[in-house]
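Heads up, the thing below is written out as structure tokens.
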Amino acid sequence: MPSSARTHTRSGICSPLTNEASMRLSRYFLPTLRETPSEAEIASHRLMLRAGMIRQSSAGIYSWLPLGYKVLRKIEQIVREEQNAIGCQEILMPTIQPADLWKEGTGSGRYDDYGPEMLRIKDRHDRDMLYGPTNEEQITEIFAASARSYRDVPKLMYHIQWKFRDEVRPRFGIMRGREFLMKDAYSFDLNATAGRISYNKMFVSYLRTYERMGLTAIPMAADTGPIGGDMSHEFLILADTGESEIACHKDFVDRKLADKDIDFDGDLQPIVDSYTSQYAATDEKRDLDAEKALGDDLVTARGIEVGHIFYFGTKYSKPLGAVVTDSDGKEITVEMGSYGIGVSRLVGAIIEASHDDDGIIWPDAVAPFKAGIINLKAGDDACTQACDDAYNNLLSKGVDVLYDDRNTRAGAKFADMDLIGVPWQLIIGPRGLKSRTVELKHRSSGEREEISLESAQTQLLV
RNA sequence: CGGGACGUGGCGCAGUCUGGUAGCGCACCUCGUUCGGGACGAGGGGGUCGGUGGUUCGAAUCCACUCGUCCCGACCA
């Protein structure tokens with residue numbers, strides 16, 4: 001690609017690396033709201049509406065506007081990269097599934113159990129279909145149809161797809177929608193020992209995934225259902241407005257993975273053990289004796305579930321006939337696990353964990369733009385020239401930047417930029433330019449520096 | 001699914017009790033003065049009150065039904 005295609009003029013640019021468009025705000029569809037729509041109660045819902053990220057279509061179903069969709073894709077991409085990093089392979093399964101996959105006799109047998117939460121549809125031939133609330137049946141059928149030998153396992157596959165659960169009571173905006181974007185992964189192994197290896201990969205991968213988003217997620221033992229054992233964990237992040245009460249050892253609160261460079265083919269059990277050996281429990285799993293023993297090390301807080309992994313053995317492989325032949329020529333029903341991350345929910349969860357009275361405070365990794373340029377006086381030639389130059393320069397260096405070039409008052413620009421929560425604000429006005437300075441404001445700390453335009457731009461390149 | 005609310009220009013609300021064909025703030029458009037944390041003045045556009053059916057001379061207001069949305073609870077990524 002010729003370089004001229006990358007460094008162009010006034011209409012924003014696509015970085016060849018990220019394919020994320022920087023933007024002049026005068027051309028961007030960013031319908032911010034000064035007042036909160038009355039239906040929004042919690043912070044993330046309020047702020048997502050006010051920041052022009054989403055609009056509601058019907059109860060629990062939302063459209064994603066440019067700003068919101070950009071964040072959603074950033075989160076999705078982090079999830080994708082971390083799944084790929086453990087050898088989990090991306091596929092894409094349909095949203096609409098044939099009911100036979102779920103019915104007794106022809107499928108898993110949970111068609112009747114699932115209840116009205118599953119959206120059932122008939123096609124024109126009067127065949128029963130459904131909008132998938134999850135994909136265990138589908139992936140198992142795919143695997144079963146082609147896997148023959150023990151050499152075909154282990155396998156890890158995932159997809160990132162919209163799901164639908166017809167919640168009785170959708171609420172909290174995107175956090176508890178009926179339609180939601182979810183990463184769900186599935187593991188296929190020859191036996192439980194191998195299954196644990198797959199489970200551990202996911203466990204550690206999840207810790208890394210959330211950490212990359214600027215979150216501390218705490219794994220907590222969850223109900224294992226009919227299988228039993230210790231192979232089901234929910235991952236929760238702490239937020240004052242969280243949906244459930246949790247209790248854990250205080251070491252979890254800011255815990256980071258000690259080893260950044262993990263060998264996923266090595267033994268992950270010690271890492272998993274280092275997490276699971278410490279106390280952490282959701283409301284229904286709390287153990288008061290254990291908590292008493294912790295004394296001052298106990299922390300109680302509120303949490304939001306952002307992931308759930310579990311191992312379910314042959315629950316689906318058996319009815320759907322996912323069988324391979326082992327080295328002795330014996331038929332083995334494969335052992336499976338499934339591993340979910342609520343991608344769209346994470347957008348709301350991150351906001352719950354990171355906002356203030358003025359708006360959202362995006363962690364760097366998921367911020368829709370790295371920086372915003374505020375032109376304090378759009379009518380001033382010198383000021384506009386300085387802003388244009390800074391914008392074009394940052395673009396050419398690959399910095400994703402939102403340039404507020406609108407001809408509105410400064411106050412409105414400050415308010416909008418704080419609301420949408422980009423990490424850095426480059427504030428340029430005629431007054432500062434007289435002494436060749438601009439203001440660089442850091443959204444999360446609130447710190448402002450009066451520095452030269454050049455050094456401000458240099459800082460944004462880091 | 002139980003309990004509770006609400007539905008009036010894009011957003012936030014008043015008007016409903018005590019029927020007389022719609023109002024305020026913000027936003028929007030024009031002009032002028034402004035312009036470093038959501039300006040000021042003047043002028044202007046936009047709604048027939050979620051829908052349907054009743055009562056009435058007359059309904060945003062009363063009655064019935066219906067649709068939608070939100071909140072609490074049970075349930076869940």
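Being a predicted model, the structure only gives us computed values, none of them experimental. Each chain gets a letter, A, B and so on, in the order the sequences are listed, and its residues count up from 1.
The base-pairing partner of B:rC17, taking Watson-Crick or G-U wobble contacts with both distances under 3.5 Å, does not exist among the strands shown. The partner of B:rC40, taking Watson-Crick or G-U wobble pairs whose two distances both stay under 3.5 Å, is B:rG32. Here B:rC1 sits opposite B:rG73 as a Watson-Crick or G-U wobble pair (both hydrogen-bonding atom distances under 3.5 Å). Across all strands shown, B:rG45 has no partner, as no Watson-Crick or G-U wobble contact with both distances under 3.5 Å is found. Across all strands shown, B:rC24 forms a Watson-Crick or G-U wobble pair, both distances under 3.5 Å, with B:rG12. Remark: B:rA64 base-pairs with B:rU52. Criterion, Watson-Crick or G-U wobble with two distances under 3.5 Å. Taking a pair to require two hydrogen-bonding distances under 3.5 Å in either a Watson-Crick or a G-U wobble arrangement, B:rA59 remains unpaired.
Regarding A:Asp283, its CG atom lies at a distance of 13 Å from the P atom of B:rC76, rounded to whole Å. Rounded to an integer number of Å, the gap from CG of A:Leu49 to P of B:rU69 is 14 Å. For the pair A:Asn407 CG and B:rC31 P, the computed distance is 12 Å after rounding to whole Å. Atoms CG (A:Asp358) and P (B:rG38) sit 12 Å apart, rounded to a whole Å. For A:Ile427 and B:rC35, the CD1 to C1' distance is 16 Å, given to the nearest whole Å. When rounded to the nearest whole Å, the span between OH of A:Tyr114 and C1' of B:rC75 equals 12 Å. Computed from coordinates, the A:Arg50 CZ to B:rC11 P distance equals 15 Å when rounded to whole Å. Atoms CD (A:Glu39) and C1' (B:rG50) sit 15 Å apart, rounded to a whole Å.
Separating the C1' atom of B:rA14 from that of B:rA22 is a span of 11 Å, rounded to the nearest Å. A distance of about 27 Å separates the P atoms of B:rG15 and B:rG45, rounded to the whole Å. For B:rG47 and B:rA42, the C1' atoms lie 25 Å apart once the distance is rounded to whole Å. Comparing the C1' positions of B:rG46 and B:rC6 gives a spacing of 24 Å, expressed to the nearest Å. Comparing the C1' positions of B:rU48 and B:rG19 gives a spacing of 16 Å, expressed to the nearest Å. As rounded to the nearest Å, B:rG3 and B:rG10 have P atoms that lie 34 Å from one another. Across the P atoms, B:rG73 and B:rC29 are found 43 Å apart, a figure rounded to whole Å. Taking the P atom of each, B:rU33 and B:rG20 are spaced 46 Å apart, rounded to whole Å.
Nearest-nucleotide mapping onto RNA chain B: of A:Met182 and A:Glu450, the residue sitting toward the 5' end is A:Glu450. Mapping A:Leu181 and A:Thr437 onto RNA chain B by nearest heavy atom places A:Thr437 at the nucleotide closer to the 5' end.
Here A:Gly429 lies in heavy-atom contact (under 4.0 Å) with a base. As judged by a 4.0 angstrom heavy-atom cut-off over every strand, A:Pro31 is placed among residues making no nucleic acid contact. A:Lys183 comes within contact range of no nucleotide atom at all, as no heavy-atom separation falls under 4.0 Å. Residue-level contact check: A:Gly379 touches neither bases nor backbone, having no heavy atom under 4.0 Å from any strand. Base contact: A:Asp416 has a heavy atom under 4.0 Å from a base atom.
Listed nucleotides B:rA74, B:rG37, B:rG36 differ in distance to A:Leu376; the shortest reach to its side chain belongs to B:rG36. Closest approach to the A:Ser58 side chain among B:rU69, B:rG38, B:rC11 is made by B:rU69 (side chain taken as heavy atoms from C-beta onward). Among B:rU69, B:rG38, B:rC35, the nucleotide with an atom closest to any side-chain atom of A:Ala415 is B:rG38. Comparing atom distances between the A:Glu35 side chain and each of B:rG38, B:rC1, B:rC11 picks out B:rC11 as nearest. Nearest nucleotide to the side chain of A:Glu167, out of B:rA77, B:rG36, B:rC26: B:rA77. Among B:rG37, B:rU69, B:rG36, the nucleotide with an atom closest to any side-chain atom of A:Arg448 is B:rG37. Distance from the side chain of A:Phe172 is smallest for B:rC71 among the nucleotides B:rU69, B:rG38, B:rC71. For A:Arg176, counting side-chain heavy atoms from C-beta on, the closest listed nucleotide (B:rA77, B:rG37, B:rC75) is B:rC75.
For A:Phe180 and A:Tyr62, the distance between ring centers is not under 6.0 angstrom. Close placement of the A:Phe369 and A:Tyr28 rings is indicated, their centers lying within 6.0 Å of each other.
Donor-acceptor pairing under 3.5 Å is lacking for the side chains of A:Arg80 and A:Gln83.
The pair A:Arg110-A:Glu136 counts as a salt bridge, with a side-chain nitrogen and a carboxylate oxygen less than 4.0 angstrom apart.
Between A:Arg169 and B:rA74, a side-chain N or O to OP1/OP2 separation shorter than 4.0 Å is absent. Checking the phosphate oxygens (OP1, OP2) of B:rA39, a side-chain nitrogen or oxygen of A:Arg409 falls inside 4.0 Å. For the pair A:Ser38 and B:rC11, the criterion of a side-chain N or O lying under 4.0 Å from OP1 or OP2 is not met. For B:rG68, neither phosphate oxygen OP1 nor OP2 lies less than 4.0 angstrom from any side-chain nitrogen or oxygen of A:Gln56.
The cationic atom of A:Arg120 (NZ for Lys, CZ for Arg) does not lie both less than 6.0 Å from the six-membered ring centre of A:Tyr114 and within 45° of the ring axis.
Centre separation under 5.5 Å together with a plane angle under 30° holds for the ring of A:Phe180 and the six-membered base ring of B:rA77, marking them as stacked.
Side-chain atoms of A:Asp416 and A:Leu30, non-hydrogen and from C-beta on, never get closer than 4.5 Å to each other. The shortest side-chain heavy-atom distance between A:Tyr339 and A:Lys183 falls under the 4.5 Å cut-off. A:Leu65 has its side chain within reach of A:Pro31: a pair of non-hydrogen atoms, C-beta onward, lies under 4.5 Å apart.
Applying the ring pair (Phe, Tyr, Trp, His ring centres under 6.0 Å) rule to pairs touching residues 439-462 of chain A yields A:Trp424-A:His442, sequence neighbours excluded.
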